[in-house]
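In what follows, a structure is listed as structure tokens, so that the remarks can point back to it.
The residues of the chain are indexed from 1 along the displayed sequence.
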Amino acid sequence: MPLFLRKKLGAFSFVCSLITICLGSSVLIGWYAHNETLIQVMPYFAPMQYNTALGILLAGIGLAALIFRKTILAVGCGGVIALVGLLTLLQYIFGLELGIDQLMMEPYITTRTSHPGRMAPNTALCFLLYGFAIILLSNYFVLTAKQSLVGEFLGFFVLSLGLIAIAGYMQGATGAYGWAQLTRMAIHTASGFVVLAIGLIAYIWNGKNLAQYLGVPILLVLVILSLDLYMPLGASMGILYVGLILYSWWYGQIKSTFILASISTLLIILGYFASSSGDVDLLTVYINRTLSIVMVWITAFLIERYKSAHLKLEESKRFVDLVINKIPDAVFIKDKSSRIVMANDNFWNTYPHDKDKKRVEQTSKSAFVPESLGLVVEKEMQAFSRGVSEAQETILLPSGEKRVLSTKRTRFKSNDDVFILGVSRDVTDSQLALEEIMRSNEELGRFAYIASHDLQEPLRMVANFTALLDEEYGDKLEGDAKKYMTFIVDGAIRMQDLISDLLEYSRIGADDMGFETFDSRTMINSALSNLSTGILNSGAGVTMDDMPVIHANPTQFSRLLQNLVGNAIKYRHPDRTPEVHIGVVEHDDHWAFSVHDNGIGIKKEYFEQIFVIFNRLHHKNEYKGTGIGLAICKKIVENFHGQIWVESKYGTGSCFYFTLPKLKQ
């Protein structure tokens with residue numbers, strides 16, 4: 001609640017406390033001064049008893065102490081008036097005489113009084129409820145929302161009892177301010193309770209419902225009660241209190257429905273005592289009043305259930321709106337006419353044409369460039385017909401800048417209407433970055449090819465002329481010179497092999513160029529044909545399963561198998577003949593190939609390292625090679641959108657696995 005509003009409500013409550021302090025003080029003075037006007041107002045009105053005047057004074061002081069956070073004083077005043085009210089009610093109920101009625105003042109006015117000096121039972125009830133409310137709301141307790149609700153309920157209850165009494169005086173219905181033939185509540189006592197109740201309610205008001213004027217339920221109570229008192233007792237006038245319950249539909253206070261239902265129940269019951277019985281069938285009266293109470297509470301429960309469900313719905317909607325507006329993408333919902341039904345903040349920032357119009361039911365098509373507009377219409381229709389669609393669309397900002405959006409649309413139903421939910425992500429920057437990466441990769445590929453090609457020639461010259469030098473002058477070289485000559489030739493040849501393998505590695509693309517459907521057995525046989533010399537020299541045995549028809553780059557597939565089988569032969573165990581088996585297992589969406597050997601095996605800690613380019617596990621004098629073969633295999637498999645890994649037991653053999661996705665039909 002704003003501070004200035006809190007101060008105004010506090011000031012209003014303090015004024016109410018001052019009014020009641022003055023009222024109680026003036027009646028006490030009247031008792032001491034024997035001024036019947038101050039005590040009775042009118043000679044035929046019920047007098048305000050001495051204990052009542054003292055209770056009104058203490059209630060006003062208690063309210064003021066509550067406002068100024070004087071806890072001890074507030075609890076003391078509330079406790080005294082609640083205790084006096086409770087003891088008085090016990091006297092009426094059990095016929096006791098506790099001596100509290102004449103404790104402070106010997107009564108000398110007995111007009112309309114069944115028990116001289118004793119306050120009315122409805123007055124005692126008001127003091128009991130009001131005193132408890134002051135104790136409950138004082139800082140002596142930790143004030144919670146439930147305690148505030150109870151305090152407000154008690155305030156409304158006291159307010160209703162005061163209004164009933166005032167209405168009884170206005171209508172001449174003694175039953176409204178006097179229960180049965182007992183002592184009756186004085187009119188200025190009733191007015192004091194109304195002021196005290198309003199001051200208490202203003203004190204605990206949370207400030208959220210100030211637009212719901214307190215005068216509305218008060219006016220409803222007065223009108224309905226007046227009608228109830230005016231009509232014959234046998235009429236079903238209690239049903240009019242349903243209107244008071246319906247007011248809580250617009251009244252935002254928590255659980256206000258049950259507060260008004262409780263007040264209505266009290267008024268329906270008291271309406272019976274406030275009317276003249278006459279020649280009325282009491283059974284009809286009881287049935288009418290009982291049915292009225294039942295209808296009031298049924299209406300209250302239905303309204304409260306609706307308000308609770310509506311509150312949950314509103315909270316859920318606020319949560320969804322909060323989440324949607326926090327999403328960095330543009331989110332929108334469109335109907336079949338491509339009108340925007342709902343959109344988040346990022347959508348309006350993305351489509352400034354619609355944002356400027358400040359209207360939801362607008363189409364966003366005006367923001368698209370002509371070449372994308374047809375695609376947008378097509379994808380929206382596709383989403384409505386097939387349920388989902390995806391596309392990249394280009395919009396034109398007022399500044400002339402073009403932005404690329406990746407949009408996914410999904411169909412859904414709501415209240416028998418069909419809509420599409422769209423999510424658009426600005427991919428302009430990422431697309432530019434991707435294009436830059438692809439351009440850089442292309443340039444690097446060209447550079448690697450040119451560098452490799454150009455490096456081949458000088459290395460070839462070094463190797464050739466070194467060989468000629470050895471042939472021409474080799475017999476004249478001795479010792480270290482001869483050894484150095486061998487190192488030069490060997491290094492040049494190894495450098496040529498490295499450059500050749502690097503050139504091949506750089507040529508393996510990252511796209512689907514060259515993919516086709518072919519018999520994998522044919523390309524495996526081609527790979528084995530290239531390895532025929534090694535297979536013959538080692539005496540290796542190579543077997544394979546029935547091979548499937550696959551979709552890939554046949555040349556790269558052949559090179560993949562050539563490298564894997566070649567490694568199996570190269571790294572054979574010295575004590576046994578190489579045995580290599582090429583297997584395949586079919587899965588739902590891919591083929592799983594395997595190349596199993598009985599070679600030297602690989603230690604587990606090297607399973608990942610062997611696929612790194614130029615990473616060798618053995619010295620070049622043990623096994624020839626550049627250390628790039630498995631890196632080439634890994635790049636080929638990744639180009640096929642598959643995976644490659646190894647399982648091995650050191651000293652026993654290895655099995656290389658790789659997957660190849662099936663061609664989608």
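Distance check, rounded to the nearest 0.5 Å: CG of L405 to CG of D426 gives 5.5 Å. H551 contributes atom NE2, which lies 14.0 Å from atom OG of S520 (distance to the nearest 0.5 angstrom). Expressed to the nearest 0.5 Å, how far CG of L630 lies from CD1 of I644 amounts to 7.0 Å. Note that CG of L561 is 8.0 Å distant from CE of M547, once rounded to the nearest 0.5 Å. Note that the OG1 atom of T410 and the CD atom of E390 stand 8.5 Å from one another [nearest 0.5 Å]. Summarising the geometry, atom CH2 belonging to W645 is positioned 5.5 Å from atom OG1 belonging to T659; distances are rounded to the nearest 0.5 Å.
Taking both residues in full, the closest heavy atoms of S558 and M523 are given as OG-O, 3.3 Å, listed atom of the first, atom of the second, then distance. Shortest non-hydrogen contact noted between F518 and A552 is CE2-O, 3.4 Å. The minimum heavy-atom distance between I333 and F419, with the atom names listed, is CG2-CB, 3.9 Å. Closest approach of I636 to Q556, counting heavy atoms only: CD1-O, 3.5 Å. Closest approach of N563 to C633, counting heavy atoms only: CB-SG, 3.4 Å. Nearest heavy-atom pair across P578 and N598 is CA-OD1, 3.5 Å.
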**Study point:** Verdict with reasoning, N553 to F640, per side-chain contact (heavy atoms from CB on, under 4.5 Å)
**Key:** CA-CA 8 Å; N553 184 307; F640 291 164; 4.0 Å; yes
Point to revise | Stepwise side-chain contact (heavy atoms from CB on, under 4.5 Å) check, V418 with F384 | key: CA-CA 8 Å; V418 181; F384 278 116; 3.8 Å; yes
Exercise for review: Begin from the C-alpha positions of F658 and Q643 and carry the test side-chain contact (heavy atoms from CB on, under 4.5 Å) through to its verdict.
Suggested key: CA-CA 5 Å; F658 67 90; Q643 293 180 317; over 6 Å; no
Practice item. Might you work through the side-chain contact (heavy atoms from CB on, under 4.5 Å) test for V580 and V595, ending with a clear yes or no? Key: CA-CA 7 Å; V580 182; V595 178; 3.9 Å; yes
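Applying the side-chain hydrogen bond (donor to acceptor under 3.5 Å, both in side chains) rule to pairs touching residues 529-543 yields N530-Q562, T543-H581, sequence neighbours excluded. Within the structure, the side-chain hydrogen bond (donor to acceptor under 3.5 Å, both in side chains) test picks out the following pairs touching residues 584-597 (sequence neighbours left out): E586-K662.
For CZ of R386, the number of neighbouring non-hydrogen atoms (other residues, nucleotides, ligands) closer than 6.0 Å is 12 at most. More than 12 heavy atoms of other shown residues, nucleotides or ligands fall within 6.0 angstrom of atom CZ in F412.
Side-chain contact check for R411 versus V388: every heavy-atom pair is 4.5 Å or farther apart.
Side chain of R409 to main chain of L421: no donor-acceptor pair is present (N/O by atom type, distance under 3.5 Å, no hydrogens or angles). Between the side chain of T407 and the backbone N or O of A391 there is no donor-acceptor pair closer than 3.5 Å. Between the R521 side chain and the D545 main chain, a donor and an acceptor come within less than 3.5 Å of each other. The main-chain N or O of I569 is found under 3.5 Å from a side-chain atom of R572 such that the two form a donor-acceptor pair.
The side chain to side chain contact (heavy atoms under 4.5 Å, CB included) test with F656 singles out one residue from L560, I602, V565, and that residue is I602. Partner of E638 under the side-chain hydrogen bond (donor to acceptor under 3.5 Å, both in side chains) criterion, out of K635, H641, K634: K634 alone.
Aromatic ring centres of F593 and F557 lie closer together than 6.0 Å.
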